[in-house]
**Student:** 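Structure below; questions to follow.
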Amino acid sequence: MPSIVDQQRAFFQQGSTLSYQARINALNRFDQGLRQCEDDIVKALYNDFQKSAFESFTTEFTMLYEEISRTKRLLKSWMKPQKVRTNWINWPATSAILREPLGVNLIIGAWNYPVLLLLQPAVSAIAAGNTAVLKPSENAPNVAQALEDMINSRFDPSHLKVVQADAQGTEKLLELRWDHIFYTGSTAVGRIVYKAAAKQLTPVTLELGGKSPAIITESADLKLTAKRLIWGKFLNAGQTCVAPDYVMVHRAVREEFLATCVKEIEKNNYRLGQNQYCQIINERHFDRLEALIDRKKVFFGGEIDRTTRYMGPTIMVDVTLSDAVMKEEIFGPILPVIAYDEIDEALTFIKQLEKPLAAYVFSNKSIEYQSILSQLSFGGGAVNDVVMHLTNPHLPFGGVGHSGIGAYHGHHGLDCFSHKKSVLYKKNWFEAPLKYPPLTDNKLKWIKKIMK
Ligand code: NAD
């Protein structure tokens, strides 16, 4: 492994990744590879957790294709120096921010969207002129192999290379000297990554998780709320970092909301199979999730089958902070619903937990949702929707506090893999004498006068 980092560093230092044309060529090769391997990757997703062809294409590929084509279209303008104003002290001069690639990157992906979460940062990394080692999650082994086949047969390993490793192997990778580490996964492993990076003073981007709340106020359109919320919660069988983790609903609309959710779940018929619902990724996560279900509090669902790793959509009610389901990010198809009487009560409840990756407000009153948005800290979110904010490339995607450090997507991805180099271009036709010796009282008087 140290040799691949050395090779990539040499390739980078030769300037092989820098030019606009080199970046466009890499993006074209990436796009072509993805299209040629799409069927194999979709099969691998099915083999890993019976993810359907429909969900595979819509949740893994659409954003990637969009990211590549948009990046190619806008890269020239994103690469231009950004002119900024110059303060009078430096007159006569001009100033600009030049984006430079960080260098050799380690990108570590998670299993839940194993294609998107590894390849989307890779697109930004190469567009920004970097090299990268991509480490897919060992928990989706078929996808990891398909991605290795796709990338390693098309790219010079000095530019882009997939390396497979388990937790121990990844810890070894973290000991190497990288210019940037981009990690997606749990907060617990995020700490390990951060600590390892600190030893080498390596900058990190940490895309973590958390307990993302959805608040449903009395004014919400309940039918549409249930439709959107149930879709987002049970997409990928709840194994989505920005899925609503739990719901806070106003007591006056609780019964109607629950009934509407049940209707929506029944209509969607969440069963394992070609174009339906996926499995829980592995037995470890299945057992973890099963232990979070308190049968006394199950309002709907609770159907499970360990042999097929099927866990049906499950709604729990009357949940409190001392329930197991509220002690960790659920990351599965269990939806706790908690009633509140006053908005402040809901906000106090949410603020007792770490800052989440997402938050959602369902309300038809602007004053109401603006007030909630201003009082809660979270990575990103939506009003009257869930999950979809991350598909907007104009919005940076990332967490805050325990849900992450840094952000990417669209030109924010380019920023994530670049250093913004500040440059002052000084003119030679004038030089003010004030800062140079002799440092007289008269000069100081003038400086003080100017500063006033
Ligand atoms: P995971 O088990 O796939 O682990 C993520 C990566 O960390 C893998 O590549 C794995 O090899 C590596 N890893 C595991 N143990 C390690 C160790 N000891 N040292 C170094 N590397 C190690 O995925 P996960 O952690 O179960 O992912 C689920 C979590 O990720 C959830 O909390 C979810 O919210 C979060 N997530 C966040 C985002 C986001 O974009 N912010 C996206 C998806 C998932």
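Both ligands and their constituent atoms are indexed starting at 1 by order of listing. Since the model is a prediction, treat every value here as computed from it, not as a measurement.
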**Student:** So which bit of I192 gets within less than 4.0 Å of ligand 1, heavy atoms only: side chain, backbone, both or neither?
**Tutor:** side chain
**Student:** With ring centroids as reference points, do F11 and H159 lie under 6.0 angstrom apart?
**Tutor:** yes
**Student:** Between T308 and Q279, which heavy-atom pair has the shortest distance, and what is it?
**Tutor:** O-NE2, 2.8 Å
**Student:** Would you please test Y246 and V319 for side chain to side chain contact (heavy atoms under 4.5 Å, CB included) and show each step?
**Tutor:** CA-CA 10 Å; Y246 64 100; V319 169; over 6 Å; no
**Student:** Would you say Y113 touches ligand 1, if touching means a heavy atom closer than 4.0 Å?
**Tutor:** no
**Student:** Which heavy atom of A165 sits nearest a heavy atom of L173, and at what distance?
**Tutor:** CB-CD1, 4.4 Å
**Student:** Which residue and atom name correspond to the protein heavy atom nearest atom 19 (N) of ligand 1, and how close is it?
**Tutor:** E171 CG, 3.2 Å
**Student:** Measuring from the heavy atoms of G109, does anything fall under 4.0 Å of ligand 1?
**Tutor:** yes
**Student:** Can you name the atoms of ligand 1, numbered from 1 with element, that are less than 4.0 Å from a heavy atom of N112?
**Tutor:** 43 (C), 44 (C)
**Student:** With rounding to the nearest 0.5 Å, note down the distance linking CG in D341 to CZ in R251.
**Tutor:** 4.5 Å
**Student:** In the protein, what heavy atom is nearest to atom 21 (N) of ligand 1, and what distance, to one decimal place, separates them?
**Tutor:** T170 CG2, 3.3 Å
**Student:** In terms of residue, atom name and distance, what is the protein heavy atom nearest to atom 36 (N) of ligand 1?
**Tutor:** C241 CB, 3.4 Å
**Student:** Any idea which atoms of ligand 1 are less than 4.0 Å away from a heavy-atom of L117?
**Tutor:** 42 (C), 43 (C)
**Student:** To which of Y183, Y408, W111 does the heavy atom nearest atom 1 (P) of ligand 1 belong?
**Tutor:** W111
**Student:** Would you mind running through ligand 1 and noting each atom that sits below 4.0 Å from a heavy atom of A110?
**Tutor:** 3 (O), 23 (O)
**Student:** On a heavy-atom basis, which atom in M311 and which in I280 lie closest, and how many Å separate them?
**Tutor:** CB-CG1, 4.0 Å
**Student:** Flag the pair Y408 / F182 as yes when their ring centroid distance falls below 6.0 Å, and as no otherwise.
**Tutor:** yes
**Student:** Only one of Q145, K135, E138 forms a side-chain hydrogen bond (donor to acceptor under 3.5 Å, both in side chains) with Q164, so which one is it?
**Tutor:** Q145
**Student:** Quick check: does any side chain N or O of D385 sit under 3.5 Å from a backbone N or O of M388, one acting as donor and the other as acceptor?
**Tutor:** no
**Student:** Can you confirm whether or not the ring centre of W111 sits under 6.0 Å from the ring centre of F331?
**Tutor:** yes
**Student:** With heavy atoms under 4.0 Å as the rule, classify the contact between Q168 and ligand 1 as side chain, backbone, both or neither.
**Tutor:** neither
**Student:** For a quick test of reading the model, state the closest non-hydrogen atom pair linking V133 to V163 and the distance between them.
**Tutor:** CG1-CG2, 3.8 Å
**Student:** In the protein, what heavy atom is nearest to atom 40 (O) of ligand 1, and what distance, to one decimal place, separates them?
**Tutor:** F397 CE2, 3.2 Å
**Student:** Mark up the atoms of ligand 1 that fall under 4.0 Å of a heavy atom belonging to E329, in ascending order.
**Tutor:** 31 (C), 32 (O), 33 (C), 34 (O)
**Student:** If you look at every heavy atom in F234 and L335, which pair is closest and at what distance?
**Tutor:** CZ-CB, 4.4 Å
**Student:** Taking heavy atoms and a distance under 4.0 Å, where does E207 meet ligand 1: side chain, backbone, both or neither?
**Tutor:** both
**Student:** Among all protein heavy atoms, pick out the one at the shortest distance from atom 10 (C) of ligand 1; state its residue, atom name and that distance to 0.1 Å.
**Tutor:** E138 OE1, 3.4 Å
**Student:** Does a sphere of radius 6.0 Å around NZ in K297 hold more than 12 heavy atoms from other residues, nucleotides or ligands, not counting ones at 6.0 Å or beyond?
**Tutor:** yes
**Student:** To the nearest 0.1 Å, how far is atom 25 (O) of ligand 1 from its closest protein heavy atom, and which atom is that?
**Tutor:** S186 N, 2.9 Å
**Student:** Can you name the atoms of ligand 1, numbered from 1 with element, that are less than 4.0 Å from a heavy atom of K135?
**Tutor:** 8 (C), 9 (O), 10 (C), 11 (O)
**Student:** Identify, by atom number and element, the atoms of ligand 1 in contact range of N139, meaning under 4.0 Å from any of its heavy atoms.
**Tutor:** 1 (P), 2 (O), 3 (O)
**Student:** Checking R228 against F362: charged group under 6.0 Å from the ring centre and within 45 degrees of the axis?
**Tutor:** no
**Student:** Among all protein heavy atoms, pick out the one at the shortest distance from atom 35 (C) of ligand 1; state its residue, atom name and that distance to 0.1 Å.
**Tutor:** G185 O, 3.3 Å
**Student:** Using a 4.0 Å heavy-atom cut-off, say whether T240 meets ligand 1 through its side chain, its backbone, both or neither.
**Tutor:** neither
**Student:** Would you mind checking which non-hydrogen protein atom is closest to atom 12 (C) of ligand 1, with the distance to 0.1 Å?
**Tutor:** I108 CG2, 4.2 Å
**Student:** So if I count the atoms of ligand 1 from 1 in the order they appear, which ones are less than 4.0 Å from some heavy atom of G209?
**Tutor:** 32 (O), 34 (O)
**Student:** Minimum distance, heavy atoms only, to atom 41 (N) of ligand 1: which one of L206, L208, V189, T187 is it?
**Tutor:** L208
